[in-house]
Enquirer: 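Please see the structure below; I have some questions.
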Amino acid sequence: MKRWHKLLIAGVCIGMSIILISGCGTSKKDDRRIIRVGHNQATDHPTNIALMEFEEYIESKLGDKYNVEVYPSELLGSQTDMVQLTQTGAIDFCVASNSILETFSENYTLFNMPFLFDTTQAYHAAMDDPKIIEPIFESTKQAGFEAVTWIDAGTRNFYTVSKPIEKPEDLKGLKIRVQQSPTNVQMMELLGGSATPMGFGEVYTALQSKVIDGAENNEMALTSNGHGDVCKYYSYNMHQMIPDILIGNVAFLEELSKEEREIFEEGFELVNRVERKEWVKAVAAAKEKAQNEQGVTFLYPDTKPFQEICMPMHDSMLKQYPDLKPIYEKIQSHNAANPATAE
């Protein structure tokens with residue numbers, strides 16, 4: 001299996017080389033360093049919009065030296081493939097789910113905990129807190145990459161083809177796609193469903209062919225990725241608020257001059273700011289489209305039964321990773337400062 005995966009990565013690299021070679025032959029030589037940025041979302045998604053702003057900003061400041069190219073929709077492979085390509089320096093940046101990064105650093109396990117954040121305000125406040133994110137973002141440097149900013153991916157909820165989820169018992173016997181993360185598999189098992197880990201690009205076909213009965217993600221998956229054409233029930237059980245993470249190749253980042261690194265840091269802040277602004281608008285539009293055009297019914301179950309089942313995972317995680325306890329406690333302080341009544 002490992003040999004097959006290495007061949008797959010090699011194939012992606014070869015494909016990228018072909019793309020580059022096909023660009024040769026123009027009369028004017030471009031000596032600029034190409035910066036490749038990959039992600040798995042569609043071109044109209046807030047992530048892509050923000051990365052296009054990043055491209056424009058970097059080229060406006062350093063366009064004589066760098067040519068930024070953004071590849072959406074898994075053109076450079078699945079998220080796992082892109083993380084590995086970023087490790088090796090075959091590409092320079094990619095957006096990865098926090099759940100995938102959990103397999104590279106145990107520190108990311110914390111953000112994958114179900115019901116870690118009480119409110120979206122607490123979630124944003126915690127993710128903007130350097131004391132929380134810096135120890136986690138820097139924990140993969142030895143693996144060849146580091147996180148440079150976080151991207152709002154909203155609230156993760158269950159959505160299904162034909163059976164509404166209004167209580168945990170409704171998940172029994174259902175095959176639900178989860179992200180490729182041990183924490184997500186454990187959460188699904190506790191809730192009574194059958195966890196089916198798979199890459200995001202495979203989900204639509206799996207839903208359509210009824211290989212799986214549902215999935216869990218934010219509202220954008222319904223519209224940008226067409227899942228609402230197949231799934232007709234979306235339940236706000238609010239089990240996770242997991243950020244997506246923009247990661248960069250360590251070698252590339254360390255080769256930047258001080259002045260260049262400052263410009264890139266400004267670009268990373270721009271990605272975060274633009275994506276969060278676009279996210280609010282995109283979710284509202286997605287929900288309206290899902291209801292009115294795709295015929296999706298939105299449900300608002302009592303979240304407490306789901307939360308009570310999952311809370312033992314917190315204690316288990318802290319026992320297994322005691323070094324994460326100070327960061328966990330800082331998150332709890334943000335929960336206390338941003339209670340549910342504030343929403």
Side-chain angles (χ1 to χ4, degrees), residues 30-41 43-72 76 79 82-83 85-87 89-98 101 105 107-108 111 120-121 123-141 143-154 242-282 330 334:
D30 189 345
D31 293 324
R32 294 179 298 168
R33 162 70 154 85
I34 296 175
I35 298 173
R36 298 177 186 85
V37 187
H39 66 92
N40 69 342
Q41 301 292 355
T43 54
D44 62 347
H45 193 277
T47 293
N48 192 68
I49 294 171
L51 289 173
M52 294 303 294
E53 292 271 0
F54 173 78
E55 174 183 337
E56 183 177 341
Y57 181 77
I58 296 300
E59 291 185 352
S60 72
K61 299 289 185 179
L62 301 168
D64 57 334
K65 186 174 180 180
Y66 296 111
N67 176 21
V68 180
E69 297 180 351
V70 177
Y71 294 85
L76 300 182
Q79 283 195 357
M82 287 188 285
V83 171
L85 291 168
T86 305
Q87 276 186 291
I91 64 177
D92 304 288
F93 297 95
C94 78
V95 176
S97 166
N98 182 87
L101 298 182
S105 169
N107 288 13
Y108 280 97
F111 290 153
T120 53
Q121 291 92 335
Y123 165 50
H124 292 166
M127 294 304 301
D128 286 335
D129 187 341
K131 293 181 179 178
I132 289 174
I133 64 172
E134 285 180 1
I136 296 174
F137 280 14
E138 295 175 359
S139 65
T140 57
K141 275 190 172 183
F145 65 87
E146 65 177 295
V148 294
T149 193
W150 68 280
I151 293 173
D152 192 359
I242 307 179
D244 283 340
I245 308 291
L246 178 62
I247 65 170
N249 176 262
V250 169
F252 170 75
L253 291 169
E254 291 182 347
E255 287 172 1
L256 295 172
S257 68
K258 180 181 178 182
E259 293 75 17
E260 289 174 342
R261 184 61 189 258
E262 288 176 354
I263 291 171
F264 272 84
E265 290 294 339
E266 292 168 359
F268 303 147
E269 291 176 6
L270 179 66
V271 170
N272 178 274
R273 187 167 63 250
V274 171
E275 193 277 342
R276 288 166 71 173
K277 181 180 178 181
E278 291 294 324
W279 183 262
V280 175
K281 296 188 290 184
K330 287 184 175 67
H334 285 294

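Everything numeric here is computed off the predicted structure, so don't read it as measured data. Every heavy atom of this structure was used, including side-chain atoms; hydrogens, water molecules and symmetry mates were not.
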Enquirer: Hey, is the main chain of Thr43 close enough, under 3.5 Å, to the side chain of Asn48 for a donor-acceptor pair?
Expert: yes
Enquirer: Between Lys281 and Glu278, is any pair of side-chain heavy atoms under 4.5 Å apart?
Expert: yes
Enquirer: Can you tell me how far apart SG (Cys94) and CG (Leu246) are? Round to the nearest 0.5 Å.
Expert: 7.5 Å
Enquirer: I'd like to know if the side chain of Gln41 and the backbone of Pro46 have a donor-acceptor N/O pair within less than 3.5 Å.
Expert: no
Enquirer: Atom CZ of Phe111 and atom OH of Tyr123: how far apart are they, to the nearest 0.5 Å?
Expert: 9.0 Å
Enquirer: Going by salt bridge (Lys or Arg N to Asp or Glu O under 4.0 Å), name the pairs with one or both residues in residues 50-67, residues two or more places apart or in two chains.
Expert: Lys65-Glu260
Enquirer: Could you note down all residue pairs passing salt bridge (Lys or Arg N to Asp or Glu O under 4.0 Å) where residues 127-137 supplies at least one of them, sequence neighbours left out?
Expert: Asp128-Arg276
Enquirer: If you look at every heavy atom in Asn107 and Ser139, which pair is closest and at what distance?
Expert: ND2-CB, 3.5 Å
Enquirer: Say you draw a straight line from CD1 of Ile91 to CG of Leu76; how long is it, rounded to the nearest 0.5 Å?
Expert: 5.0 Å
Enquirer: Taking all non-hydrogen atoms of both residues into account, name the closest pair between Thr140 and Ser105 and its distance.
Expert: CG2-CB, 3.6 Å
Enquirer: Quick check on side-chain contact (heavy atoms from CB on, under 4.5 Å): which of Thr47, Ile49, Asp152 does Trp279 satisfy it with?
Expert: Asp152
Enquirer: Is the Phe252 ring parallel, tilted or perpendicular to the Tyr66 ring (thresholds 30°, 60°)?
Expert: perpendicular
Enquirer: At their closest point, which heavy atom of Asp92 faces which heavy atom of Thr86, and how far apart are they?
Expert: O-CG2, 3.7 Å
Enquirer: Would you confirm whether Asn67, through its side chain, and Ile34, through its main-chain N or O, come within 3.5 Å as a donor-acceptor pair?
Expert: no
Enquirer: Donor-acceptor pair, Asn98 side chain versus Tyr108 backbone, under 3.5 Å?
Expert: yes
Enquirer: Can you tell me how far CG of Leu101 sits from CD1 of Ile136, rounded to the nearest 0.5 angstrom?
Expert: 11.0 Å
Enquirer: Looking at every non-hydrogen atom in both residues, tell me the closest pair between Gly248 and Val148 and how far apart they are.
Expert: N-CG1, 4.4 Å
Enquirer: Atom CG in Leu62, atom CZ in Arg32: separation rounded to 0.5 Å?
Expert: 11.0 Å
Enquirer: Looking only at non-hydrogen atoms, find the nearest pair between Pro135 and Pro130 and report the distance.
Expert: CD-O, 3.9 Å
Enquirer: Relative to the ring of Trp150, is the ring of His124 parallel (under 30°), tilted (30 to 60°) or perpendicular (over 60°)?
Expert: tilted
Enquirer: Which value, rounded to the nearest 0.5 Å, describes the distance between Leu270 atom CG and Thr149 atom OG1?
Expert: 10.0 Å
Enquirer: Do the non-hydrogen side-chain atoms of Tyr57 and Val68 ever get within less than 4.5 Å of each other?
Expert: no
Enquirer: Please confirm whether the ring centroid of Phe93 lies under 6.0 Å from the ring centroid of Phe145.
Expert: no
Enquirer: Looking at every non-hydrogen atom in both residues, tell me the closest pair between Ala50 and Val271 and how far apart they are.
Expert: CB-O, 3.5 Å
